[in-house]
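Read through the structure below, which is laid out as structure tokens, and then see the notes.
Read the numbers this way: they start at 1 and go in the same order the structure lists the ligands and their atoms. Note that the structure is predicted; figures quoted are calculated from it, not measured.
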Amino acid sequence: MIPLGADRSLVAGERVLLVDPKNRRYLIRLEPGGVFHTHSGVVAHDAIIGEAEGCTVTGSSGRGFLVLRPTLSDTVLKMPRGAQVIYPKDLAAMLITANVSRGRRVLEAGVGSGALSIALVRSGASVVGYEIREDFAETAKANVADACGDDADYDVVIKDVTLGIDERDLDCILLDLPEPWKVVEHASMALKDGGILVAYLPTINQSATLRSALDKGPYCLAETFETLRRTWHIEARSVRPDHRMVAHTGFITSARKTAGAKKN
Ligand code: SAH
């Protein structure tokens with residue numbers, strides 16, 4: 001992660017978001033002498049470096065580009081990807097569902113492009129990721145280092161999570177892979193009592209199969225939901241939902257590990 005300029009000005013090496021007059025967004029890394037080409041003209045990086053966040057720079061075509069530091073949401077939607085990332089609306093829901101906070105011990109599998117990893121690390125959790133593809137693991141590590149710093153509390157192990165989990169006493173396990181029901185038993189050994197399992201799945205059939213596996217225990221409070229985010233058009237007297245929305249991303253299923261019945 002690049003340190004900010006003393007006066008919080010924009011510095012070479014950091015990523016910034018350029019927003020053109022049509023609200024199209026571009027994520028670029030500032031390099032001395034660098035040039036960014038878009039449909040709306042060319043922007044010199046040197047015109048941005050040293051300026052304040054929130055400034056507007058003028059491109060070669062005379063059009064202005066607003067310059068902002070990217071939010072987590074901008075970063076995950078625009079960063080380099082191997083696998084499909086989890087949408088920001090679902091990242092937010094997963095963080096709360098998994099009750100993630102500073103110091104929590106978390107296992108994540110698979111890490112893919114590292115979008116969920118960034119959200120977890122930024123919440124202060126101590127995160128171990130399992131991933132079967134080395135190229136994805138490298139992309140995830142680079143994306144996390146870029147967003148959270150080289151000293152992020154984050155490690156990725158090349159490992160198939162359906163074959164077992166080495167960690168113990170975990171606060172939560174987050175799964176984004178096709179057959180999470182194969183992980184349910186391993187997860188029950190790796191989670192602390194009361195620990196939380198959260199899985200993200202694209203179809204309801206997969207979610208139902210997972211729920212059947214969770215029903216066999218030792219889990220309680222199993223729940224499956226989806227999040228719908230509908231933006232609104234608000235302009236003078238025209239106030240209504242936007243015509244388009246992302247209608248489907250994935251289903252989130254969670255459950256808590258029980259300790260089993262206590263003997264009297
Ligand atoms: N949540 C990620 C995207 C994950 S995509 C993000 O937000 O960026 C699913 C990932 O799971 C892929 O990278 C895939 O290689 C990995 N994967 C699939 N099966 C796996 C398994 N059994 N163990 C570990 N990783 C697995």
Side-chain angles (χ1 to χ4, degrees), residues 15 27 70-98 100 104 106-123 125-148 152-167 170 172-191 196-203 205-207 209-210 213-214 224-227 229 246 248-254:
R15 278 184 180 164
L27 190 63
T71 62
L72 172 63
S73 182
D74 298 318
T75 302
V76 303
L77 292 176
K78 299 277 180 190
M79 70 188 187
R81 294 182 190 185
Q84 171 75 45
V85 299
I86 296 180
Y87 259 68
K89 71 180 177 74
D90 295 320
L91 292 176
M94 289 172 80
L95 287 183
I96 294 295
T97 303
V100 175
R104 299 265 165 159
V106 175
L107 174 81
E108 185 202 352
V111 300
S113 308
L116 179 57
S117 308
I118 293 173
L120 293 167
V121 170
R122 270 203 6 174
S123 303
S126 171
V127 182
V128 174
Y130 283 9
E131 173 56 58
I132 46 174
R133 285 192 48 171
E134 259 177 61
D135 53 341
F136 287 175
E138 289 310 313
T139 303
K141 281 196 265 187
N143 283 333
V144 169
D146 209 55
C148 307
D153 193 349
Y154 182 64
D155 190 24
V156 182
V157 183
I158 303 298
K159 192 167 157 65
D160 181 343
V161 72
T162 63
L163 300 179
I165 297 174
D166 298 329
E167 288 69 21
L170 293 168
C172 61
I173 297 179
L174 295 107
L175 303 171
D176 178 10
L177 39 83
E179 299 182 316
W181 47 90
K182 292 185 176 168
V183 187
V184 163
E185 204 177 324
H186 303 307
S188 71
M189 288 182 272
L191 283 170
I196 305 176
L197 183 136
V198 178
Y200 182 74
L201 286 163
T203 73
N205 316 51
Q206 288 165 295
S207 307
T209 306
L210 173 60
L214 291 168
T224 297
F225 67 95
E226 60 183 321
T227 64
R229 178 176 184 268
V246 177
H248 176 65
T249 54
F251 298 99
I252 297 168
T253 296
S254 67

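- Scanning all protein heavy atoms for the shortest distance to atom 5 (S) of ligand 1 gives A83 CB, 3.5 Å.
- H248 contributes a side-chain N or O that, together with a main-chain N or O of P202, makes up a donor-acceptor pair within less than 3.5 Å.
- The closest side-chain donor-acceptor pair between E167 and Y130 falls under 3.5 angstrom.
- For E179, the heavy-atom gap to ligand 1 stays at 4.0 angstrom or more.
- Open room surrounds CZ on R122; 12 or fewer heavy atoms of other groups in view lie less than 6.0 Å from it.
- At under 3.5 Å, not a single nitrogen or oxygen of L177, backbone or side chain, sits near a nitrogen or oxygen of ligand 1.
- Numbered from 1 in the order shown, with element, the atoms of ligand 1 that lie under 4.0 Å from a heavy atom of G112 read 3 (C), 4 (C), 13 (O).
- Residue A109 has no nitrogen or oxygen atom sitting less than 3.5 Å from a nitrogen or oxygen atom of ligand 1, judged on distance alone.
- Annotation: G114 places an N or O atom under 3.5 Å from an N or O atom of ligand 1; distance criterion only.
- Residue-level proximity to ligand 1 for V76 is absent, since no heavy atom of it falls below 4.0 angstrom.
- Contact annotation for S113 and ligand 1: heavy atoms of both the backbone and the side chain come within less than 4.0 Å of the ligand.
- Crowding of Y87 atom OH: a count of heavy atoms from other residues, nucleotides or ligands under 6.0 Å not exceeding 12.
- Among all non-hydrogen protein atoms, the one lying nearest atom 4 (C) of ligand 1 is D176 OD2, 3.2 Å.
- Counting protein heavy atoms only, atom 24 (C) of ligand 1 is closest to K159 O, 3.4 Å.
- If you look at Q84 next to ligand 1, the close heavy atoms, those under 4.0 Å, all belong to the backbone.
- Geometrically, ligand 1 and E131 share a nitrogen or oxygen pair separated by less than 3.5 Å.
- Looking only at distances, no side-chain donor or acceptor of E179 sits under 3.5 Å from a matching main-chain atom of W181.
- With 3.5 Å as the limit, one finds no donor-acceptor pair spanning the side chains of Q206 and T209.
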Show every donor-acceptor pair shorter than 3.5 Å between a side-chain atom in residues 158-166 and any protein atom, with sequence neighbours excluded, or say none if there are none.
from	atom 1	to	atom 2	distance (Å)
D160	OD1	T162	N	2.8
D160	OD1	T162	OG1	2.6
D160	OD2	T162	OG1	3.3

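- The option from V111, V85, I86, L120 that lies nearest to atom 2 (C) of ligand 1, judged by heavy atoms, is V111.
- Take D90 and apply the side chain to side chain donor-acceptor pair (under 3.5 Å) test, not counting sequence neighbours, and it matches Y200, T227, T249.
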